[in-house]
Amino acid sequence: MKQYAVTRPLYSEDAFADEHEKIHRHHKTVRHHVKQYFTCDLKRAKNAALSLLPFIGWMRIYQLKEWLLSDIVSGVSTGLVAVLQGLAYSLLASLPPWYGLFTAFFPVIIYFFLGTSRHISVGAFPVLSLMVGAVVTRLVPDGGPPVNITGFEGLTSDEQRVMVAASVTFLMGIMQLAMGLLQVGFIVMYLSDTLVSGFTTAAAVHILVSQLKFVLGLVVPGLSGPLSIVYTLEKIFVQIEKTNVCDLVTSILIMVVVFIVKEINDRYKAKLPVPIPIEVIMTVIACGVSYAFNFQVNYEVDVVGRIPVGYESPLAPNMQIFGQTAVEAFPMAIVGFAVAFSVAKVYSVKHDYIIDGNQELIAFGASNIIGAAFKSFAASTALSRSAVQESTGGKTQIAGLLSALIVMVVTLAIGFLLEPLPKSVLGAVVIVNLKGMLMQIREVPYLWRRDRPDCVVWLVTCLASILLGLDLGLAVGLGIELLTVVFRAQFPRCSVLANITGTDIYKDCKDYMSIYEPEGVKIFRIPSPIFFANIDFFRGKLVEAVGFNPLRVLRKRNKALRTIRKLLKKGKLQMTSKGLMLTSSGPIEESEDESNMEDLDQPTDFKDLPVQVNWKSELPAYIQVPRVDVHSLILDFSAVSFLDISALKGLKAALKELIRVEVEVYIVACDAYILEKLHSCKFFDDEVKSSMFFLTLHDAMLHILEKHPISCSKPYLGPHRFIHRNLSHSCESCCLTGYNNSHYPWQPMQWCVKFA
């Protein structure tokens, strides 16, 4: 076993500060920060340009011979998948299919210039598409008149829906851009992996239910709001006997084949040069079969239909729609960024480059603003599409640019070939791609065994998102997540520590067998910040740890002193050689004078008494006062990161109560920032002194044992050996590493540890 030896003085915080000079750091003022922020020079301008246009950075190091071919292969593969997913996810947004092609084109172009990730594929994301669809069907429902909005006059139902989708996407982009410019990319940190997992699982359930009408060939109006999923299922099962058998068989066949081939791709991905693009292959086959057998006429199958050639003219957002959709746009902005940033972070770690969260917000904000102007809907990144771009060898966003060119070719030239494609095929492709999100439910048993608060966050987020809708569900999940953080900080697991025999290590006394607890010494640890919400909890746990209520003991002692003074004044107590003796028989009532209750909380005062009362001995006149067996208390602040003003007041009150009942209090491993705050807040006075702070727990323990020596008759409890400063005495009977027994004092106090 490896060994180490330490020889140093015993340090309190004051002693350490006297011996070791600190570097005085000048903290910058707000004025200095503002001045520095608005200062511009050539270097700063260059860094700003590289930050705002990240593509310049990686274009300068682009390895043409090594990377170009990989980017071309990746771009073509990703483009084919983007075309198919664009058409499919348009159905989730309750829009005509070809608008998904716009979403797979315009945002990709903008992200190429502004984005910091080299591997994600920008475009439609099923969860965002579903959230857009909920807004669209709320303002322009299937089975009724649209909401009264200026600008809807003279427009068809599809055109009204496109206006709603474009406007809410534009507003979402403004929010993302504003957050990026304000440098609040950290907001995504509040969405934990557990919350995102529960939320996306619920979204997958919504997507699955929304695609059933296409798979079954039923006419079901789009619904939104709380319990919409229940009402949708009700409408589906009411007309289940009207299922289109051709749609159902086609969907099942597509799902089975795609699922099997995807499993083959996963299992043999190391051997396959590129994944088999089975969705594209099955789509081409389905188009051909549908065209050959005229599914639309012969079997009444709903098909994609006419796909206009080219791009439509830009559309200005509707301000009235902004007011109607602001509540939904904000969670869309957060979810879109959170998912994209999570995927981008995975690939940046894998390929060793840096991404900037604030720049990503700017990139997606600009992508959605410009995309919405050209009638695309909310863009983020789809996990499956990004996986295709990365796994097929994509090195940079050149692959994304080429995928946009493939989409453009389909939009301008060959889109008509997709017109006979059954919508049930698109629905089947969407459902198969939900496997990853739906399988996240397997995390629940693991979370329940490992971390139940996280499991509660997952379950509540998932159930709330399913029943209340994705926007309200996300808000509920975020609220529950923050509550769990508050509860963990407000009710931390406090513990009483003890020395691990033969070491300078201290652990929870409930967890170890070979421990040593010096008589009269308690070590209390709180593993969280102390603030207004948990200061009362801290004080309650502290009372439990020491085994008595110091305020109650103090009041009892002061009441006892009142009684003694009263008896002395009446002559019922007299001073003798043996101490105070009672001169009369009969019961003595304890003083119940309530006139000055505040005085009971003050330190005990013996100035009017002929002797000082020993509270550990039997008191005269049968006066009863709770016995205090603790003479020293150590508070381990190693895990306390901050104290607020309420906590300072509560801590000082608790320390004074303990000091006034003759318990010496020591605080160890306190953060330097907290010590500075204590000094600046005038925390110290005649009772609470800075000398109670020690550098380490072991320093405080050795100091206590020097003041309150213990007998050297303790049995040997562990494989250790203590060597005193002059190395002339070895004491194998002491139980604490570095303990200086009273018959071998140290001058100055130093200790050396050696392990056998």
Side-chain angles (χ1 to χ4, degrees), residues 86-107 124 128-175 210 213-214 219-225 228 232 235 296 302-329 332 367-379 407-408 410-412 415-416 418-419 421 423 426 471:
L87 297 172
Y89 296 157
S90 292
L91 302 182
L92 293 175
S94 301
L95 298 174
W98 63 85
Y99 286 99
L101 299 179
F102 300 167
T103 307
F105 178 73
F106 292 107
L128 273 186
S129 302
L130 190 67
M131 296 175 81
V132 171
V135 177
V136 167
T137 53
R138 180 172 65 83
L139 298 184
V140 188
D142 287 326
V147 174
N148 185 20
I149 292 177
T150 304
F152 275 2
E153 301 85 356
L155 299 180
T156 65
S157 177
D158 282 345
E159 289 171 339
Q160 291 173 347
R161 292 189 165 198
V162 169
M163 178 178 285
V164 172
S167 297
V168 73
T169 300
F170 195 96
L171 181 57
M172 167 189 166
I174 290 175
M175 291 178 176
S210 71
K213 64 181 180 181
F214 298 113
V219 178
V220 179
L223 302 173
S224 61
S228 61
T232 301
K235 292 182 179 298
Q296 184 178 15
D302 192 13
V303 298
V304 169
R306 187 183 70 87
I307 297 181
V309 176
Y311 294 99
E312 300 182 10
S313 57
L315 174 71
N318 187 299
M319 296 299 167
Q320 197 173 348
I321 294 176
F322 280 4
Q324 295 274 357
T325 60
V327 175
E328 291 99 333
M332 286 167 56
S367 298
N368 281 308
I369 288 172
I370 295 174
F374 289 92
K375 301 183 181 179
S376 72
F377 55 89
V407 175
M408 184 179 70
V410 172
T411 305
L412 297 178
F416 68 93
L418 297 172
E419 292 179 0
L421 178 65
K423 289 184 178 180
L426 297 177
D471 48 356

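Being a predicted model, the structure only gives us computed values, none of them experimental.
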Main-chain N/O of [Y] paired to [X] side chain as donor or acceptor, under 3.5 Å:
| X | Y | value |
| --- | --- | --- |
| N368 | P107 | no |
| S228 | G225 | yes |
| S210 | L92 | no |
| S376 | T103 | no |
| Q160 | D158 | no |

Just do the side-chain contact (heavy atoms from CB on, under 4.5 Å) check on F106 and S367 with the steps written out, would you?
CA-CA 7 Å; F106 292 107; S367 298; over 6 Å; no
Below 4.5 Å, heavy atoms only, C-beta onward: do V410 and W98 meet side chain to side chain?
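With C-beta onward as the side chain, the pair stays apart.
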pair L426-V304: side-chain heavy atoms closer than 4.5 Å
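Sidechains of V304 and L426: in contact.
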In Å and rounded to the nearest 0.5 Å, what is the [atom1] to [atom2] distance from [X] to [Y]?
| X | Y | atom1 | atom2 | answer |
| --- | --- | --- | --- | --- |
| Y99 | I307 | OH | CD1 | 12.0 Å |
| M332 | F377 | CE | CZ | 10.0 Å |
| K375 | S313 | NZ | OG | 5.0 Å |
| L87 | L95 | CG | CG | 12.5 Å |
| T325 | N318 | OG1 | CG | 9.5 Å |
| M319 | I149 | CE | CD1 | 13.5 Å |

Could you walk me through whether L315 and F170 satisfy the side-chain contact (heavy atoms from CB on, under 4.5 Å) test, starting with their C-alpha distance in whole Å, then the side-chain angles of each, then the deciding distance to 0.1 Å, before giving a yes or no?
CA-CA 11 Å; L315 174 71; F170 195 96; over 6 Å; no
Below 6.0 angstrom between ring centroids: does that apply to F105 and F102?
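Judged by ring-centre distance (under 6.0 Å), F105 and F102 do not meet the cut-off.
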Nearest non-hydrogen partners of [X] and [Y], listed with the distance:
| X | Y | value |
| --- | --- | --- |
| F374 | E312 | CD2-O, 4.3 Å |
| P97 | S90 | O-OG, 3.0 Å |
| A379 | M172 | O-CE, 4.1 Å |

How would you list, by chain and number, every residue that makes a side chain to side chain donor-acceptor pair (under 3.5 Å) with T150, sequence neighbours excluded?
Q320
Stepwise side-chain contact (heavy atoms from CB on, under 4.5 Å) check, Y311 with L412
CA-CA 8 Å; Y311 294 99; L412 297 178; 4.0 Å; yes
Atom pairs and distances, side-chain donor-acceptor, residues 129-140, under 3.5 Å, sequence neighbours left out:
unit_1 : atom_1 : unit_2 : atom_2 : d
S129   : OG     : F125   : O      : 2.9
T137   : OG1    : G133   : O      : 2.9
T137   : OG1    : A134   : O      : 3.2
R138   : NE     : E328   : OE2    : 3.0
R138   : NH2    : Q324   : O      : 2.7
R138   : NH2    : E328   : OE1    : 3.4
R138   : NH2    : E328   : OE2    : 2.8

